Structure formats: C-alpha cells, structure tokens
Amino acid sequence: MNFDFTEEQRAIRDLARDFAQNVIAPIAAEYDESGEFPLETVKQMGELGLMGIEVPEAYGGAGMDTLAYVLAMEEICKVDASHGTIMSVNNSLYCHGLLKFGTEEQKQKYLVPIATGQKIGAYSLTEPMSGSDAGTMRSRALRNEAGDFVINGRKSWVTSGPVADYITLFTVTNPDAEPKHKGISAFMIDADHPGFIRGKKEPKLGIRASATSEILYEDYVAPE
Ligand SMILES: Cc1cc2nc3c(=O)[nH]c(=O)nc-3n(C[C@H](O)[C@H](O)[C@H](O)COP(=O)(O)OP(=O)(O)OC[C@H]3O[C@@H](n4cnc5c(N)ncnc54)[C@H](O)[C@@H]3O)c2cc1C
C-alpha cells in the first residue's frame, strides 16, 4: 500500500504553508490582541480554495479529499489557531453538513458563497443551558398558521457569530419527541433577515481573533 501523499495533497499543504507563514504569521499576534476578526485574510483564504476544500468545484470548492483538508488545516493552525478555527467551522461544521443534507437550491444559495470565501458561515447548536446534551435546548421553531416556522431563542458560543452571513441553526421543532434530540431540526439562517439579532461577544483568553458570540432569534420566520 502506498502511504505517500498525492501531488494534489502536497500542493494544498504547500499553498497553506506559504500563506500561513507569509501572510498570517505577520498579523496573527496583533489580531489576537485586538480581537478583531481577520476578514481580509479569511477572504484571501477563500480565493485560494481553503474555505471549502472538500466541496466539489461545481459548488466553488477545491474538490479535494479529507486528508488534503487536514494537511492544510495543520499548516494554518501551526501559525494561528484563530484562522484555523474560522477555517474549520467553514469547512467542516458548515460546508460538510450542507453538502451532505442540503437541497440543490440550498447548496446554490448557501454553499457556493461560503466555499469561495465571499461570505462567512457559522454553526449554531449550543445554548446557555445546553452544551453536550443538546436535547435540553430551549429554543423553538414552531409553525404559524401559514405553515412557516417561527424561530425564538438564544444561542451561545457561536464561532464567527459576530460576522457570519449564513448560519446552520439547530433548534427544536417537536418539543414532545422522545428521545429529545429526535425533535431537533436544522435551518439555514440569513443574518440580514428580520428577527436575527447578534448578541454579546465573548471576551476569550485566547483564539481571540476567532470571534464568538450569542445570537438571539425573535420571531424569525423561516418559510416552509
Ligand atoms: C471557543 C469556543 C467556540 C465554540 N464554538 C461553537 C460553535 O461554533 N457552535 C456551537 O454550537 N457551539 C460552540 N461552542 C460550544 C461547545 O460546543 C460547547 O462548549 C460544548 O458542546 C460543551 O458544552 P458545555 O460547555 O455546556 O459543557 P457541558 O456539556 O456542560 O460539559 C462540561 C463537562 O462535563 C463533561 N460531560 C458532559 N456530559 C457528560 C456525560 N454525560 N458524562 C461525562 N461527562 C460529561 C464534558 O466532557 C465537559 O468536560 C464553542 C465553545 C467554545 C469554548
């Protein structure tokens, strides 16, 4: 069996290493101290294909495999954990689920701009009183008379929450389900939609350029 990396895997590893050492390293400490989100470098990473490494080229990604993703992640994280965290949320938490379970329409609208780095993605499961045991979450998406889902609740620890354009949100659609986690559904959320409110930013001790915040939903209507 051949355990060597392929030419493609070596190429993305080297590209990520060059970018990390030449572009991220000189600014990493400054952004970590200020806590400012490094939007410019994140967009450049998108242009280089680092924001959707496993996303097929047809959806704006690099169309590579998981090993290629891990090799690139290692190079970015070696230099700055904040850029690594932003990159991992975009690639795995956001793009992977959407690619696997999204409709074609959702992929066109929510996957392409994130995989190309034009927009920022986030993933929102955790709540102030609900962490590992996600079935205890209190947020709700309940149908109104028109059949649309109306989302209410407070989510916490949303990585890239202060800047995200689109969010994969997990919330309860069936409060009577047993076990509880079977009553949770995923929604694609637009940050510029009424009822979407960015909450307080967490003052973290480290990985500070990877902004983390609460997000509140107040009668956010998600069409059927
Ligand atoms: C920097 C940062 C970024 C984050 N980004 C995101 C994000 O983008 N999106 C998001 O949804 N969430 C995010 N989170 C939240 C994170 O996913 C939660 O912190 C995590 O799910 C754990 O929840 P908790 O903190 O409430 O801890 P708890 O669930 O209360 O766990 C506390 C401790 O108890 C242990 N424990 C829990 N249950 C059991 C059990 N049954 N048996 C034994 N031990 C147990 C855990 O291992 C842990 O050590 C982020 C958190 C941080 C710190």
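Note that the structure is predicted; figures quoted are calculated from it, not measured. These values consider heavy atoms only, across backbone and side chains, with no hydrogens, waters or symmetry-generated copies. Counting convention: from 1, in listed order, for ligands and their atoms alike.
The presence of a protein heavy atom under 4.0 Å from atom 43 (C) of ligand 1 is ruled out. At a distance under 4.0 Å, a protein heavy atom can be found next to atom 14 (N) of ligand 1. The presence of a protein heavy atom under 4.0 Å from atom 47 (O) of ligand 1 is ruled out. Distance screen at 4.0 Å: atom 30 (O) of ligand 1 has no protein heavy-atom neighbour inside the cut-off. There is no protein heavy atom closer than 4.0 angstrom to atom 19 (O) of ligand 1. At least one protein heavy atom sits closer than 4.0 Å to atom 50 (C) of ligand 1. Distances from atom 40 (C) of ligand 1 to the protein include no heavy-atom value under 4.0 Å. Under the 4.0 Å distance rule, the nearest protein heavy atom to atom 36 (N) of ligand 1 falls outside the cut-off.
Of the residues T171, T173, L169, the one that meets the side-chain contact (heavy atoms from CB on, under 4.5 Å) test with S185 is T173.
The aromatic ring centroids of F196 and Y220 lie 6.0 Å or more from each other.
Among protein heavy atoms, the minimum distance from atom 7 (C) of ligand 1 is reached at W157 O, 3.0 Å. Residue, atom and distance of the protein heavy atom nearest to atom 12 (N) of ligand 1 are T126 OG1, 2.7 Å. At the top of the distance list for atom 1 (C) of ligand 1, counting protein heavy atoms only, stands K204 CD, 3.9 Å. In terms of protein heavy-atom proximity, atom 24 (P) of ligand 1 is closest to G131 CA, 3.9 Å. Residue, atom and distance of the protein heavy atom nearest to atom 9 (N) of ligand 1 are Y123 O, 2.8 Å.
Side-chain atoms of E40 and Q44 form no donor-acceptor pair, as typed in the model, at a separation below 3.5 Å. T159 and T212 form no side-chain donor-acceptor contact under 3.5 Å, judged by distance and modelled atom types alone. Between the side chains of S92 and Y69, a donor-acceptor pair is found at a separation under 3.5 Å.
Atom numbering of ligand 1 starts at 1 in the shown order; those under 4.0 Å from a heavy atom of T159 are 3 (C), 4 (C), 5 (N), 6 (C), 7 (C), 8 (O). Numbered from 1 in the order shown, with element, the atoms of ligand 1 that lie under 4.0 Å from a heavy atom of L125 read 10 (C), 11 (O).
Of the candidates S132, S213, A122, S132 brings a heavy atom nearest to atom 27 (O) of ligand 1.
Note on R10 versus E7: no salt bridge recorded, every NZ/NE/NH1/NH2 to OD/OE distance being 4.0 Å or above. Taking 4.0 Å as the cut-off between side-chain N and carboxylate O, R154 and E214 count as a salt-bridged pair.
Counting heavy atoms from C-beta on, the side chains of C77 and T85 never come closer than 4.5 Å.
Heavy atoms only, all atoms of each residue included: I76 and A16 are closest at CD1-O, 3.8 Å.
Within a 6.0 Å sphere centred on CD of E218, heavy atoms belonging to other residues, nucleotides or ligands number 12 at most.
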